[in-house]
Amino acid sequence: MHIQEWLETIPAVSIYLLVGLVIGLESLGIPLPGEIVLVSSALLASQHGEIDPVILGLCAITGAIVGDSIGYAIGRRGGKPLLERLGRRFPKHFGPQQVALAERSFEKWGMWAVFFGRFVALLRIFAGPLAGVLRMPYWRFLIANVLGGILWAGGTTAVIYSVGIVAEPWLKRFSWLALGLAVLFGLAVTLVVRSRMKKAAAAADAAEAEIPAQQSAPATVGE
């Protein structure tokens, strides 16, 4: 059963709680489809008047902020061993390449990695725990966490709800075409992200390999 069809079978209150819980757990560091659940719920709200988009958005925002904050606390307490345990449990999400890419993002962008990480599936899972592991000052993390959570969760709810209302008549006629385009778009985004991750990991490995080579190179005569 499609997730939106399943959501139609449960009460509005349960949908609010489900959205907040799934997004909260994802932000905490557990690989869950938070964005899919949020988008499906927002679309459902645009089609059924009993689901209030404002309440839905507030639940999503709360789940995002609270989940990230708990993830930060866990990461700060658990440190690097936590990432190693997560890597063994979820190798596709917390493997060495994914962790290395996320760490480089944090080292380069700092608190902005937390803010913009909201909009990237991989960093959305990593942001809270990794910020804690790297001991980012909590006030900086909190600012980025709150602003990112409001913009991502609230913005996604508002945009999808508005698009759903405008496009509902069109989607009823051409739902098969919309589904096909959505699948193709999702596959394209996935392939691009994976390709960039592989290139970034290969560049990092090459850079690390050059350092020992330079250190072990013999000094030339006359130096």
Side-chain angles (χ1 to χ4, degrees), residues 1-72 93 111-129 131 141-172 174-175 177-179 181-186 188-190 193:
M1 181 183 293
H2 192 273
I3 186 170
Q4 191 167 346
E5 295 176 352
W6 176 75
L7 288 172
E8 292 178 353
T9 65
I10 62 177
V13 174
S14 299
I15 292 177
Y16 300 146
L17 295 175
L18 178 67
V19 167
L21 179 63
V22 172
I23 291 178
L25 291 175
E26 182 190 37
S27 302
L28 189 151
I30 300 176
L32 290 175
E35 192 167 40
I36 294 176
V37 172
L38 178 58
V39 168
S40 299
S41 301
L43 278 175
L44 189 61
S46 69
Q47 301 165 8
H48 298 275
E50 60 268 21
I51 301 175
D52 189 329
V54 175
I55 298 177
L56 182 67
L58 290 175
C59 289
I61 291 171
T62 301
I65 294 174
V66 173
D68 244 13
S69 297
I70 296 174
Y72 174 91
H93 298 87
M111 65 183 291
W112 292 109
V114 177
F115 177 82
F116 289 111
R118 274 287 165 201
F119 302 88
V120 182
L122 176 65
L123 288 180
R124 189 161 55 246
I125 299 172
F126 269 113
F141 167 80
L142 183 61
I143 293 174
N145 178 27
V146 171
L147 294 179
I150 291 173
L151 187 59
W152 174 75
T156 298
T157 303
V159 169
I160 297 300
Y161 177 79
S162 301
V163 169
I165 291 179
V166 173
E168 183 179 4
W170 186 86
L171 289 175
K172 284 183 177 179
F174 302 100
S175 59
L177 178 61
L179 177 61
L181 291 174
V183 170
L184 290 176
F185 178 76
V189 171
T190 301
V193 171

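A quick note: this is a predicted structure, and the numbers were derived from the prediction, not measured.
- The CG atom of Leu147 lies 10.5 Å from the CZ atom of Phe116; values are rounded to the nearest 0.5 Å.
- The salt bridge (Lys or Arg N to Asp or Glu O under 4.0 Å) pairs that include a residue from residues 9-24 number zero, where partners must be two or more places apart or lie in different chains.
- Partners of Tyr16 under the ring pair (Phe, Tyr, Trp, His ring centres under 6.0 Å) rule, at least two apart in sequence or in another chain, do not exist in this structure.
- Residues forming a salt bridge (charged side-chain N to carboxylate O under 4.0 Å, His left out) with Arg118 (at least two apart in sequence, or on another chain): Asp68.
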Query - Full working for side chain to side chain contact (heavy atoms under 4.5 Å, CB included) between Ile160 and Ser46 - result: CA-CA 8 Å; Ile160 297 300; Ser46 69; over 6 Å; no
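- Here the closest heavy-atom approach between residue Ser27 and residue Pro129 is recorded as O-CD, 4.1 Å.
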Report task. Please test Val37 against Ile23 for side chain to side chain contact (heavy atoms under 4.5 Å, CB included), starting from the C-alpha separation and ending with a verdict. Result -> CA-CA 8 Å; Val37 172; Ile23 291 178; over 6 Å; no
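- Closest of all the heavy-atom pairs between Ala131 and Val114 is CB-CG2, 4.4 Å.
- For residues 37-49, no pair satisfies salt bridge (Lys or Arg N to Asp or Glu O under 4.0 Å), with sequence neighbours left out.
- The list of salt bridge (Lys or Arg N to Asp or Glu O under 4.0 Å) pairs with a residue in residues 20-31, not counting sequence neighbours, reads Glu26-Arg124.
- Evaluation of the ring pair (Phe, Tyr, Trp, His ring centres under 6.0 Å) rule for Tyr161 yields no partner, not counting sequence neighbours.
- Remark: Leu17 pairs with Val13 by the side-chain contact (heavy atoms from CB on, under 4.5 Å) rule, at least two apart or across chains.
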Distance-only criterion, 3.5 Å: show the donor-acceptor pairs between side-chain atoms of residues 49-66 and protein atoms not counting sequence neighbours.
unit_1, atom_1, unit_2, atom_2, d
Asp52, OD1, Val54, N, 2.9
Thr62, OG1, Leu58, O, 2.8

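- Leu151 pairs by the side-chain contact (heavy atoms from CB on, under 4.5 Å) definition with Phe115, Phe119, not counting sequence neighbours.
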